Engineer: 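Below is the structure I would like to discuss, written out as structure tokens.
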Amino acid sequence: MCLTDSFGRRHTYLRVSLTDRCNLRCRYCMPAEGISWRSRADILTLEEILHVARVLVSQGVTKVRLTGGEPLVRQNIEWLIRRLAATPDLETVAMTTNGMLLKNKVRSLREAGLTALNVSLDTLRPERFRQIAGRDRFADVITGIEEALAAGFRPLKVNTVIMAGVNDDELLDFVALAKNRPINVRFIEYMPSRGTSWDRSAVFSCHEMMRRIETLHRLTPAENTYARMSSVARDFVIAAHAGKVSFISPLSADFCDRCSRIRLTADGFIKPCLFQSGTINLRDALRRGATDDQLGALIRAALDVKHDRHQPVTTLAADRERTMCEIGG
């Protein structure tokens with residue numbers, strides 16, 4: 001069985017937001033005034049998350065990524081990873097973290113069965129980190145990255161949102177991060193999010209990023225670039241570099257035609273697209289005792305209304321439904 005939407009796209013990738021809470025205040029993700037956290041009763045339990053994930057795996061999902069907010073603020077996350085890793089037909093259990101708590105958790109995550117890890121890091125300068133993330137914890141993130149490499153996460157992916165006039169001057173510094181380490185630096189265009197004063201003039205396109213990098217390095221397409229039709233990143237290798245760089249362009253060159261993602265929010269709603277309003281409530285159905293077939297029908301109903309592509313960027317910037325940290329990116 002497979003989850004296919006009305007445009008024929010197969011959905012094999014589930015992104016699960018474990019919590020809407022985060023220990024950073026990144027300017028592109030969370031409004032300056034913060035958000036109202038959902039109550040504990042509104043958030044899915046780990047058992048409920050596992051239940052939904054296994055229903056989706058039974059319908060063709062092969063990859064689950066745990067996100068937040070910040071997933072590592074959720075207690076007992078190893079319990080969930082261990083059970084996901086033991087789920088038949090689930091090939092990948094991944095996580096995206098801001099890395100702040102990683103140094104003390106990474107080995108237990110690896111032992112529990114986590115197979116892939118992304119760390120979000122938007123600057124290599126401690127003072128700029130404080131300005132972007134709102135916390136003075138740069139050293140903790142860097143230590144977390146080194147501990148993740150030592151624990152065997154290879155390649156370790158580092159997600160970097162590039163903003164014009166903010167950190168675009170660090171592109172070559174991030175490329176150097178992959179010089180002697182098995183790190184895949186993934187440069188991401190700055191996307192709109194509710195309440196963050198998104199400004200189109202701060203968008204630095206992937207084309208501009210590549211042009212800047214190519215003043216010093218030759219970017220050679222990796223052999224596996226777009227090998228999977230669902231891939232959202234264009235991968236490149238650089239001579240004499242142990243790692244590689246990738247570019248993700250949700251705004252300048254969207255990848256909607258090969259989208260394979262479906263999202264589960266921390267409060268139990270299925271969201272068919274990061275940029276699409278409207279969700280279907282699985283939490284209440286779960287707590288009413290819905291059968292797996294009934295849950296599957298709700299999930300398919302969410303996919304039935306998935307758009308062929310996201311709306312224009314000006315419309316996205318005006319969306320008031322949820323912040324990025326509430327969705328999980």
Side-chain angles (χ1 to χ4, degrees), residues 13 28 63 65 92 94 96-99 115-126 128-129 132 138 141-142 144-191 200-261 313 329:
Y13 182 3
Y28 57 81
K63 178 178 181 178
R65 178 173 297 278
T92 303
T96 297
T97 171
N98 63 33
T115 55
L117 184 63
N118 293 32
V119 179
S120 299
L121 178 64
D122 302 314
T123 179
L124 295 172
R125 303 177 187 180
R128 184 174 284 176
F129 182 94
I132 293 174
F138 174 78
V141 179
I142 293 299
I145 287 174
E146 297 298 343
E147 288 293 329
L149 290 170
F153 285 102
R154 298 169 184 268
L156 178 69
K157 294 182 178 180
V158 173
N159 293 345
T160 303
V161 176
I162 296 295
M163 296 165 278
V166 177
N167 63 345
D168 61 292
D169 58 342
E170 294 189 64
L171 279 161
L172 292 172
D173 295 334
F174 272 101
V175 171
L177 193 65
K179 171 73 174 177
N180 298 312
R181 302 177 183 87
I183 288 177
N184 177 196
V185 180
R186 291 153 41 102
F187 296 113
I188 305 170
E189 291 175 343
Y190 174 37
M191 295 178 284
R200 186 166 191 162
S201 67
V203 175
F204 201 78
S205 73
C206 285
H207 176 74
E208 293 173 287
M209 297 180 206
M210 294 174 69
R211 185 169 57 191
R212 176 81 60 84
I213 292 169
E214 287 186 315
T215 62
L216 187 62
H217 302 287
R218 180 181 178 182
L219 294 171
T220 302
E223 291 183 3
N224 64 340
T225 290
Y226 289 160
R228 302 181 312 278
M229 284 302 294
S230 61
S231 176
V232 302
R234 289 176 291 166
D235 302 329
F236 294 84
V237 295
I238 298 174
H241 280 60
K244 62 184 178 182
V245 298
S246 303
F247 301 88
I248 301 175
S249 53
L251 300 184
S252 65
D254 70 59
F255 33 81
C256 299
D257 60 332
R258 57 185 179 277
C259 180
S260 66
R261 301 180 177 197
V313 66

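The chain is numbered in sequence order, starting from 1. A quick note: this is a predicted structure, and the numbers were derived from the prediction, not measured.
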Engineer: According to side chain to side chain donor-acceptor pair (under 3.5 Å), who are the partners of Thr215, at least two apart in sequence or on a separate chain?
Structural biologist: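 Side chain to side chain donor-acceptor pair (under 3.5 Å) check on Thr215 returns nothing, list empty.
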Engineer: Do Glu189 and Cys206 have side chains that get closer than 4.5 Å, going by heavy atoms?
Structural biologist: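 Side chain of Glu189 against side chain of Cys206, heavy atoms only: contact under 4.5 Å found.
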Engineer: Assess the residue pair His217 and Leu172 against the criterion (side chain to side chain contact (heavy atoms under 4.5 Å, CB included)); give the C-alpha distance rounded to whole Å, side-chain angles, the decisive distance to 0.1 Å, and a yes or no.
Structural biologist: CA-CA 9 Å; His217 302 287; Leu172 292 172; 4.0 Å; yes
Engineer: Do Val175 and His241 touch side chain to side chain, with heavy atoms closer than 4.5 Å?
Structural biologist: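 In contact.
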Engineer: What's the shortest heavy-atom distance between Asp122 and Val161, and which atoms?
Structural biologist: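 Heavy-atom minimum between the residues: OD1-N, 2.9 Å.
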Engineer: List the atom of Arg154, the atom of Pro182, and the distance in Å for their closest heavy-atom pair.
Structural biologist: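 Here Arg154 and Pro182 meet closest at NH1-CG, 3.0 Å.
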Engineer: Is the shortest heavy-atom distance from the side chain of Asn184 to the side chain of Asn118 under 4.5 Å?
Structural biologist: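 No, side chains not in contact.
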Engineer: Less than 4.5 Å apart, side chain to side chain, heavy atoms only: is that true for Asn159 and Ile248?
Structural biologist: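 Asn159 does not reach Ile248 side chain to side chain.
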Engineer: How many angstroms lie between NZ in Lys63 and OG in Ser260, if you round to the nearest 0.5 Å?
Structural biologist: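 The NZ atom of Lys63 sits 8.0 Å away from the OG atom of Ser260.
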Engineer: Between Phe187 and Phe204, is the gap from one ring center to the other below 6.0 Å?
Structural biologist: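 Ring centroids of Phe187 and Phe204 are no less than 6.0 Å from each other.
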Engineer: Do Asp169 and Arg125 have side chains that approach each other closer than 4.5 Å (heavy atoms only, starting at C-beta)?
Structural biologist: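 They are in side-chain contact.
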Engineer: In Å, rounded to the nearest 0.5 Å, how long is the span from CG of Leu219 to CZ of Phe247?
Structural biologist: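 The CZ atom of Phe247 is 5.0 Å from CG of Leu219, to the nearest 0.5 Å.
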Engineer: With Thr97, which residues qualify under side chain to side chain donor-acceptor pair (under 3.5 Å), at least two apart?
Structural biologist: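 Thr97 satisfies side chain to side chain donor-acceptor pair (under 3.5 Å) with Glu70 only.
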Engineer: When you compare the side chain of Ser249 with that of His207, does any pair of heavy atoms fall below 4.5 Å?
Structural biologist: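 Not touching, per the 4.5 Å side-chain cut-off.
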Engineer: In Å, rounded to the nearest 0.5 Å, how long is the span from CG of Asn167 to OG1 of Thr123?
Structural biologist: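 The CG atom of Asn167 sits 6.5 Å away from the OG1 atom of Thr123.
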Engineer: Quick check: do Phe129 and Ile142 have side-chain heavy atoms less than 4.5 Å from each other?
Structural biologist: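 No - every pair of side-chain heavy atoms lies 4.5 Å or more apart.
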Engineer: Quick check: closest heavy atoms across Leu117 and Phe153, and the distance to 0.1 Å?
Structural biologist: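 Minimum heavy-atom separation between Leu117 and Phe153: CB-CD2, 3.8 Å.
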Engineer: Where do Tyr190 and Val203 come nearest, in terms of heavy atoms and distance?
Structural biologist: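 Tyr190 and Val203 have their closest heavy atoms at O-CG2, 3.7 Å.
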Engineer: Please report the closest heavy-atom contact between Phe174 and Val185, naming both atoms and the distance.
Structural biologist: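 Residues Phe174 and Val185, closest heavy atoms: O-CG2, 3.5 Å.
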Engineer: I need the Met210 CE to Arg234 CZ distance, nearest 0.5 Å.
Structural biologist: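 Going from the CE atom of Met210 to the CZ atom of Arg234 covers 5.5 Å.
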Engineer: Just checking, any donor-acceptor pair under 3.5 angstrom between side chains of Asn98 and Ser120?
Structural biologist: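 On atom types as modelled, these side chains do not qualify, holding no pair under 3.5 Å.
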Engineer: Which distance, rounded to the nearest 0.5 Å, do you find between the CE of Met163 and the CD1 of Ile188?
Structural biologist: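 If we round to the nearest 0.5 Å, Met163:CE and Ile188:CD1 are 11.0 Å apart.
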Engineer: Output all residues satisfying side chain to side chain donor-acceptor pair (under 3.5 Å) with Arg212, sequence neighbours left out; order by chain, then residue number.
Structural biologist: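 Side chain to side chain donor-acceptor pair (under 3.5 Å) list for Arg212, sorted by chain: Asp168.
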Engineer: Once you round to the nearest 0.5 Å, how far does CD of Glu146 lie from CG of Leu156?
Structural biologist: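 Rounded to the nearest 0.5 Å, the CD-CG separation comes out at 9.0 Å.
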Engineer: How far apart are the closest heavy atoms of Lys244 and Asp235, and which atoms are they?
Structural biologist: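 Smallest interatomic distance, heavy atoms only, reads NZ-OD2, 3.9 Å.
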Engineer: In the structure I gave you, are the side-chain heavy atoms of Val232 and Arg261 within less than 4.5 Å of one another anywhere?
Structural biologist: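 When only atoms from C-beta onward are counted, Arg261 and Val232 do touch, with a gap below 4.5 Å.
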